[in-house]
Structures are given as structure tokens and as C-alpha cells.
Amino acid sequence: MKVGLVYDPIYLKHDTGQHVENANRLEAIVSHLEQTGLKQQLTPIKPRPATVEELSLVHHKQHISHIQEAAQKGGGWLDADTVMSSSSYDAALYAAGGAIKATELVMNGEVASAFALVRPPGHHATPRRAMGFCLFNNVAIAAEYARAEYGLEHILIIDFDVHHGNGTQEAFYDNSQVLYVSTHQYPFYPGTGSIKETGNGIAKGTTVNIPLPAGCGDTEYEQVFEQIIVPAAKRFAPQLILVSAGYDLHWADELALMQVSVSGFAQMVKTIKELADGTCNGRLVFSLEGGYNLTALAASVKTTLDVLLGNTNIKDPLGQPPPRFATPSINHLIKEIKEVHSLA
Ligand SMILES: [Zn+2]
């Protein structure tokens, strides 16, 4: 069972200075994978740059040239949160291309599943603009590529980053061939992702938002996966599963207020893998989004890869969260979402 890992040092050249989304994130992950010996269990995948035509499957031409021109001028701030450098356009092409390449090898059966260890991240980038540390929407582009290249008609995107993937939602809001399912802290940045946002026209029902109160941990996420995500996914019968894998819901992450542990990620990934095995011959592609506590991020990505490889004896070096919140009850929320989406 081969598991692919997309990585290239070009991702470090997206220079964001002192920004929380910086090159140290990938360096921490890679060195942890090397030190623990996990890297040698993986099949290395060399990314290629996405073409402008591929970016255009999701993004407007003006947005693409805006990013290209900003890089030529040396970079700078695109909005209050999002900064780029002169190499960021190239890095972003390789980030989207990395997600594409991972999808290609999974579709061709060269690897069973793959993880695209890329930056800049993607899920906040909308068809028309960069935002939330994201320039181009890597996962959305990979999904459109899979539709265009392989004629897939049912693609599932699971987005467990602690923030709502507004860009991905927007890209597929009218598209019934892509089921977008997101768990996120709510209300929170970027403000979108309420239960009532379910898709438009024929795509009504193919956006499933699971807006969670702060303080949710392993138990709540397990409940959500079992009671909403798995049944919604099985009903949709995906041919490919893409995952916007953000790890900023770890309890040690300072950007948000969730309580998930490394063991919790292992359980989530196990559920996603079983879902892929049961619905689409295991075709599964992860692409990195957020995650800002370097120790938690590195351990969580390693755990994800351990589960994909079928390794047992998975360790959680950070353990369970210190008591910080009263655990919120989400039973009522789950019931409401099941009603909105007619899930038994
Ligand atoms: Zn995030």
C-alpha cells in the first residue's frame, strides 16, 4: 500500500517574514518525518507547477495575473492577513500543481493515497481573490482537474481545518458534482459556513456546513463524523475524496479554541480512510491547509500518514488537552444539521 508525499523546497520560498503561516511549518513537519523514520516509508512525489489553464478551472484570469504581477513587483500585503513575496507566485503554482500531481497518481493507481505537503494553503482563496493566507485554492483546483481530466462526476471534499473554507464553498456552490463538507469553529473567521448555506439551484444540499462551538474535542468530532459526514458521504457515493487538512483545531494551536488531540486526528483520518475504502477504492488525497503550533502540527501530520500507511502503535506526544473549557453539547446542532440535509 503506497502512500505518496508531495514536497518540494520551493514551498519554503513563499516568504512571509514573521507571519504565523511561514516556512518553519513545513520544515518542522519534514524534519519530524525524517527523525521518526516515517519519511522513508512514503513514496516521494515531485510536484509540477499548475498551468494557468488549470488555475483558470477555478480562478478568474484577473486574479491569476494580479498575483503574478504582485510577485513581479516584489510581493507585499494583499489584505490584512495575506502577504506574499517575489517567489510566492511560483510557490503557489507548485502548491496547486502538487495537489494536482497527488490526485493524478492516486487516480492512476500509482499510489493508494497521497498527502500534498504544500504552502501557501488554499481553502480561503475564492475564484476572484486571495485571502486568509491563501493565494490559489489548491484543493478546489485538484477537484476541477479530476473532473476535467478523468470525467469524475462525484467528488467529495472534506475540510476539517478549524476555519471555514469559504473559497472552496464558493467555487462549488452551484456545482452538484462536488460535495463540500466542512467542520469549523463558528462564529469565527472568515464568517461564512452557517448551517443554512447548503448550495444553490441544482447544487442545493451539496454544501454541508458543520459550524461547531469553541471547545469541541475528540469526542465531538467523532460524533460529527459518525452522524453527519459518513452518512452524507455514503449517500453521495464519491469517486474520489479530497481533504483540506488543516491542523489548527489541535488544542495547542493558538489561532483557535478547539480541543482536538493528535489521537483525535488519528481517529478522524481512520474514519476518512474507511470511507474512501468503502466508497471509492481508497482514492484519497490530503492537502495541507492550516496548523500553527509546530509541535502539534508535525505530530498531527505524522499521525495522518501513519494511519494512511496502516501503521499501528500510533503515539500522541502531546496527549489530551488541559481542562480549559466545559465540553459543549452538540446534540441539538447535529440534530438540526441532519434535518437540514435529510439524513436519517
Ligand atoms: Zn485554518
Side-chain angles (χ1 to χ4, degrees), residues 5-31 44-102 115-142 144-145 161 163 165-168 171 189-190 244-246 248 255 287-292 294 297-298 301:
L5 182 73
V6 173
Y7 180 70
D8 193 287
I10 195 164
Y11 299 135
L12 308 177
K13 292 193 173 166
H14 168 51
D15 182 0
T16 55
Q18 300 300 307
H19 196 286
V20 66
E21 197 296 292
N22 61 56
N24 296 342
R25 297 176 62 234
L26 289 199
E27 286 179 315
I29 297 168
V30 171
S31 86
I45 300 176
K46 238 187 139 30
R48 61 170 175 83
T51 64
V52 169
E53 288 67 35
E54 287 165 345
L55 299 183
S56 306
L57 294 168
V58 169
H59 296 287
H60 290 248
K61 284 267 168 29
Q62 298 95 306
H63 169 59
I64 300 167
S65 35
H66 173 61
I67 300 298
Q68 185 179 21
E69 284 158 21
Q72 281 162 359
K73 288 176 188 152
W77 290 87
L78 299 168
D79 70 6
D81 307 301
T82 315
V83 68
M84 60 178 284
S85 65
S86 57
S87 298
S88 295
Y89 178 68
D90 286 337
L93 293 183
Y94 274 88
I100 287 175
K101 194 71 188 284
F115 196 111
L117 202 52
V118 301
R119 63 183 285 280
H123 74 153
H124 294 304
T126 77
R128 287 174 191 278
R129 61 175 288 217
M131 63 180 276
F133 321 163
C134 303
L135 303 184
F136 301 129
N137 196 316
N138 309 321
V139 166
I141 293 164
E144 287 291 14
Y145 172 82
D161 187 281
H163 303 96
N166 61 297
T168 314
Y189 182 88
S244 265
D248 39 11
L255 257 69
S287 188
L288 184 68
E289 301 285 359
Y292 305 97
L294 300 187
L297 174 63
V301 171

Donor-acceptor under 3.5 Å ([X] side chain, [Y] main chain):
{"X": "Tyr11", "Y": "Tyr94", "answer": "yes"}
{"X": "Arg119", "Y": "His14", "answer": "yes"}
{"X": "Asn138", "Y": "Pro120", "answer": "yes"}
{"X": "Lys61", "Y": "Ser56", "answer": "no"}
{"X": "His19", "Y": "Asp81", "answer": "yes"}
{"X": "Tyr145", "Y": "Leu57", "answer": "no"}

Measuring only between side-chain heavy atoms, which start at C-beta, is Thr126 closer than 4.5 Å to His63?
no

With Leu26, the side-chain contact (heavy atoms from CB on, under 4.5 Å) member among Leu288, Leu297, Val301
Leu288

Only residue of Leu294, Leu5, Leu117 satisfying side-chain contact (heavy atoms from CB on, under 4.5 Å) with Ile29 is Leu117

Any idea how Tyr292 and Phe133 line up, ring-wise: parallel (<30°), tilted (30 to 60°), or perpendicular (>60°)?
perpendicular

Determine whether the side chains of Glu289 and Ser244 contain a donor N or O and an acceptor N or O closer than 3.5 Å.
yes

Tell me yes or no: between the side chains of Thr82 and Asp79, is some donor less than 3.5 Å from an acceptor?
yes

Does the pair Thr168 and Asn137 meet the rule for a side chain to side chain donor-acceptor pair (under 3.5 Å), with working shown?
CA-CA 7 Å; Thr168 314; Asn137 196 316; 3.1 Å; yes

